[in-house]
Protein chains: 2
Amino acid sequence: MREMKPDTTTRRRSATIKDVAKRAKVSLKTVSRVVNSEPSVLEATRKRVERAIAELNYQPDLSARSLRSAKSYTIGMVYDNPNAYYVIAMQNGVLSVCRATGFDLNIHPCDSNSPGLAEELCELVQRSRLAGLVLAPPMSERMELIEFLAANKIKFVRIISAAADPRDGFPCVFVDDRDAAYAVTEHLIQLGHQRVGFLWGGKAHRSSPERYQGYEDALRHYGITLDKALIVEGDYSFDDGFRGARKLLALRNPPTAIFGSNDEIAAGVLAAAKAANLNVPYDLSIAGFEDSPFSRQCWPALTTAAQATGDIARRATERLIAELRHHGRHAEDSAENVGFSPTLVIRGSTGPVKPGAAQGK
Amino acid sequence: MREMKPDTTTRRRSATIKDVAKRAKVSLKTVSRVVNSEPSVLEATRKRVERAIAELNYQPDLSARSLRSAKSYTIGMVYDNPNAYYVIAMQNGVLSVCRATGFDLNIHPCDSNSPGLAEELCELVQRSRLAGLVLAPPMSERMELIEFLAANKIKFVRIISAAADPRDGFPCVFVDDRDAAYAVTEHLIQLGHQRVGFLWGGKAHRSSPERYQGYEDALRHYGITLDKALIVEGDYSFDDGFRGARKLLALRNPPTAIFGSNDEIAAGVLAAAKAANLNVPYDLSIAGFEDSPFSRQCWPALTTAAQATGDIARRATERLIAELRHHGRHAEDSAENVGFSPTLVIRGSTGPVKPGAAQGK
DNA sequence: CGGCATCATGACAACGTTGTCAACAATTCG
DNA sequence: CGAATTGTTGACAACGTTGTCATGATGCCG
C-alpha cells in the first residue's frame, strides 16, 4: 500500500516505540535500548532500529517515559528578579542547553522573601516532576533553603556571587563580582576621582557586599580613605538609585563620581543628575554594573561591568544536566564549579574629574 | 535504632490516587472523579475524598494523567520579541492563569522569520504534548501560519493588533493600537505641535500600520496636512529610533515633536536629541508607545501609551484554557474576542511647542 | 407492583515507556 | 569436552492515571 497523503498536513498519530519495533523486527525493549544508547546492542541491530526511528520520525513520549522511569526530562528555573533583561538573558541561556539536550524547561518566578518558599519549591518539583533546578540569586544564596532542598534530595545548581564560597559542597556557577567592582572603581580613580560615591544593592543578594568589597578594595589600594558619607544603602532599583544620588549630591562636599551597584541604580543616578542640572560626565561620572541593554541606551551611555548572563546560565544548566545524566557517578568534565568575571565596559557616563572640582575637604 | 531524621527532611514518597482511595475507602475511579470535578459523586463521598486528598497532600501526577488521557496540562507560549519587558510581562500574565488553573507553561522563544516555523511549532506541540499555544505578535498575525496550525488541529489563542481583524474566526485578544496612537498624536497636537514626526515600527508587526493609521487619523482630524518627509520607516528598536530621529532633525524644517512607534524607538529619539544638544521637551517633544519600565526611567520620562500587557496575556490564557476545558462545547463566558485599549500616559518628554519654533514653511 | 430510566460506584484495561529477569547463543576456561 | 561466563535479545510487569463498561441501588411511571 502506498503513502496516503502529502506529509505536511497529515495529522500523524505519532509513532510509538511499538511501531518502531515492528518495523525493525525487534522487541520493544531493544528499541528502548537503542533510544537510550544502552550497551549490549549489536551494531547491525542498532542500525536497523535507527533507520526505523528515522523513517517513522519517532520521538519518545516524555510523559510515558517519566511516568515509568520516575525520572523526568524537565528542569525548573527559579528566579525572583525584577530585572527583565537579566531574567530573559538567563532564560535564553538555560533554554539553549535544554534544546540541545532534549530537556524541557519549567520557569518559576517566585518571591524570595516568602517564608514558605522551601516547601513551595519542593511541591513544585514533586508536582511537575522536575529533574532538577537552576537557582538564580538571591534564592541560590540562602543556605537554609539550599540545605533544605539538598535534604529533600532535590538536584540543583546555583548561580551565585563568589562571596557565597563555591566550595561549600553544593554545585554552582559563580560570578566574581568583587573583581569586577574593583575594576570599575579603579577606572573611576584613574580618571582622577577621589570622592567616589557608592550605592548598595539589595541586602538579600550576596552580590551586594561583594561589589561593595571590590569598591573598598580599590579605594584602599589607591590610598583613598573611605568616607562613610559617600556610601548609601538601598536596593537594586531605579528609585533607590535616584534617592541615593539625591542624598549624595546634596552633601556639602559631594562626590565627583557615583558607582551604582547595578545599571538600574545607575539609571536612577543619571536621572537625579539630570534633575539637578548636572552635566554627565563633566560634572559627575556615573558607573553601573551588569550591562543591561538600556545601559547602552541611556544618554550618556553607562560605563558598567558586563556579565555574560547568558553564558553563565548556559554553563549552570550544562552542569545540572550532566549531573542528572550521570546520576551519582561523577561527570568528569562538569564536576568543577566554574567562575565568570564581568569585564569593564567604558562608555560616555564616566570621564575625567572636572579640573576645578573640590577634592577632599 | 531510633528515628533517623525529623520530618522536614524525610523524602515523602508522594501520595498516589491509590493512597487517597484507600484512606477514603472508595475506589480509584471515584477519587479520579472528585479530582476532575465530574458529576455523579455523592456529596458525602466527595467530602470524604476531599479530606483524604488534603490530609495526604495529594497532587495528581501530570505525566500519568497526560499519558492516559492523551490530553495535556501544559500550554506553550510562543514569542519572538527582542523586548525583554514585554516578554516578561506576558510570561507573568500567562503564568498567573496557569497557576490558578493547574496548567504548566512551556515557553518557546523563536525566530518569526524562520521559514520552517510552522513545522517547528507542530513538532513542539507534539513532542512536548502541548494542549494549546498562546501566540504573541508577530507570529499571531501571520495568517498562513495560523491556518497551518488550525489545519493541524492545534488549539491556540492569538494576541494581535486590532488590524488583524478579530473576526477572522480564530480566537484572539486584540489591542486597539490605532485609537491609542490617535490619542498620543492628539496630545501632541493639542500642545501646539503642527509638525509631528512619526517613526515606524517593524513591518512584520500589524501594530505598526495600526499605529501609523492612528497618527494619520489624528492629523487629518485636526486638519494638519501630512508631510511625508516627517515619516521614517524602521524597526522597533533603539538604533532605528536614533537613526530616524537624526534624519528628521537634519531636515531644513525639522519637526517639533516626534512620535516613536514604541518606547525603544522613543529612547533612541531621546538619545539623538541629546546628542544634538536639544532640550527635551523644550526644543523637541518625544512620545513613545508601550509604557515599558524604562520609559519612566529615562530623563525626561517618556510620554507614552500604556498597554496592560500582563492583563492581555492573562485574558488570552483564560480564553485558551476555557476552550481546552470545554473541548468543543462553547465556553459561554470566554467565547468572545476581547479588546484592550492602551491609555495615554503623559510624562516629561512632551511639552508645549516652543513659542518661536518654525511652524510650517 | 413490575419495568425502566437514572444515579453512584467500582472492576478492569489501556496509555507508551522502562526495569527485571530469563532465555539463548557464542565464547572462554578448566 | 563440559561448565562457566559473556553478550544479545525478548516476555512481562509496572508506573499513576482515566475511559469503558458493568453493577447494584434508587426513584418514577403506568
Side-chain angles (χ1 to χ4, degrees), chain A residues 12-50 52-53 56-74 102 104 126-129 131 324-325 327, chain B residues 12-50 52-53 56-74 102 104 126-129 131 324-325 327:
Chain A
R12 46 180 182 284
R13 177 92 203 81
S14 52
T16 77
I17 207 172
K18 221 165 169 173
D19 304 320
V20 177
K22 201 173 298 174
R23 186 165 193 121
K25 299 198 205 307
V26 293
S27 73
L28 300 186
K29 185 63 220 200
T30 301
V31 177
S32 171
R33 276 189 265 260
V34 171
V35 170
N36 296 290
S37 38
E38 286 172 30
S40 294
V41 179
L42 229 49
E43 194 50 32
T45 317
R46 181 183 305 277
K47 277 270 152 56
R48 222 166 59 237
V49 172
E50 271 164 358
I53 288 176
L56 295 174
N57 187 26
Y58 164 75
Q59 298 223 288
D61 182 302
L62 288 185
S63 301
R65 198 180 239 191
S66 73
L67 170 60
R68 173 60 235 223
S69 66
K71 275 177 217 148
S72 113
Y73 297 83
T74 302
D104 261 359
Q126 197 171 96
R127 179 179 170 292
S128 297
R129 279 184 173 264
L324 294 175
R325 283 258 170 80
H327 196 58
Chain B
R12 49 178 182 286
R13 178 94 202 82
S14 55
T16 79
I17 206 172
K18 219 164 171 175
D19 304 319
V20 176
K22 202 173 297 175
R23 186 165 192 121
K25 297 196 205 310
V26 292
S27 73
L28 300 186
K29 184 63 218 198
T30 301
V31 177
S32 172
R33 275 191 265 259
V34 172
V35 171
N36 296 290
S37 39
E38 287 172 28
S40 295
V41 178
L42 228 48
E43 193 50 31
T45 317
R46 180 183 305 278
K47 278 268 151 54
R48 220 166 60 238
V49 173
E50 272 164 357
I53 288 176
L56 295 174
N57 186 28
Y58 165 75
Q59 298 224 288
D61 180 301
L62 288 186
S63 300
R65 200 180 236 189
S66 72
L67 170 60
R68 172 60 236 220
S69 63
K71 275 177 217 151
S72 112
Y73 296 84
T74 302
D104 260 0
Q126 194 172 96
R127 181 180 169 290
S128 297
R129 278 184 175 263
L324 294 175
R325 282 255 169 82
H327 197 59

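Chain letters run A, B, ... following the sequence lines, proteins first and then strands; every chain starts at 1.
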Side-chain heavy-atom pair A:V35, A:I53 within 4.5 angstrom cut-off = yes
What's the CD1-C1' distance between B:I53 and D:dT17, to the nearest Å?
-> 13 Å
Ignoring backbone atoms, test whether A:S27 places a side-chain nitrogen or oxygen under 4.0 Å from the OP1 or OP2 oxygen of D:dG10.
-> yes
Quickly work out the B:I17 CD1 to C:dC12 P distance and round it to whole Å.
-> 17 Å
Sorted by chain and number, sequence neighbours left out, salt bridge (Lys or Arg N to Asp or Glu O under 4.0 Å) with B:R23 holds for B:E55
Taking only nitrogen or oxygen atoms into account, show me every contact under 3.5 Å that the protein makes with nucleotides 26-28 of chain D, one pair per line with its distance.
none

Under 4.0 Å: is that the gap between some side-chain N or O of A:S69 and OP1 or OP2 of C:dT18?
-> no
Taking atom P of C:dT17 as reference, at what distance in whole Å does atom CZ of A:R129 sit?
-> 16 Å
Which whole-number value in Å describes the distance from B:D61 CG to D:dG16 C1'?
-> 6 Å
Calculate the interatomic distance between A:L67 atom CG and D:dA13 atom P; express it in whole Å.
-> 17 Å
Donor-acceptor contact below 3.5 Å, side chain B:R48 vs main chain B:A24 | yes
Does any N or O donor sit under 3.5 Å from an N or O acceptor when you compare the side chain of B:R68 with the base of D:dT17?
-> no
Distance, rounded to the nearest Å, where B:D19 contributes CG and D:dC15 contributes C1' = 13 Å
Can you see which heavy atom on A:E38 is nearest to which on A:R46, and at what distance?
-> O-NH2, 3.4 Å
Compare every heavy atom of B:L28 with every heavy atom of B:K18, then report the nearest pair and how far apart it is.
-> CA-CD2, 3.6 Å
Residues that B:S27 engages under side chain to side chain donor-acceptor pair (under 3.5 Å), provided they are two or more places apart = B:T30
Whole angstrom is fine here: how far is it from OH in B:Y73 over to P in D:dG16?
-> 18 Å
A:D61 side chain reached by A:R68 side chain, heavy atoms, under 4.5 Å = no
Minimum heavy-atom separation for B:R65 to B:P60, with atom names?
-> NH2-CG, 3.6 Å
Neighbours of DNA chain C within residues 29-47 of chain A, by heavy-atom distance under 4.0 Å = A:K29, A:S32, A:N36
Spacing between A:K18 atom NZ and D:dC12 atom P, to the nearest angstrom | 13 Å
When every non-hydrogen atom of B:L324 is compared with those of B:A131, the smallest separation belongs to CD2-O, 3.2 Å
What nucleic acid atoms does A:Y58 come within less than 4.0 Å of, heavy atoms only: base, sugar-phosphate, or nothing?
-> sugar-phosphate
With sequence neighbours excluded, tell me which residues meet side chain to side chain donor-acceptor pair (under 3.5 Å) with B:S66.
-> A:S63
If you fit an axis to the five pairs at each end of the helix from C:dC1-D:dG30 to C:dG30-D:dC1, how big is the angle between those two axes, to 10 degrees?
-> 50°
Looking only at heavy atoms, what is the nearest atom pair of A:V49 and A:V26, with distance?
-> CG2-CG2, 3.9 Å
Toward the 5' end of DNA chain C, which comes first, B:V26 or A:S63, by nearest nucleotide?
-> B:V26
pair B:L62-A:R129: side-chain heavy atoms closer than 4.5 Å | no
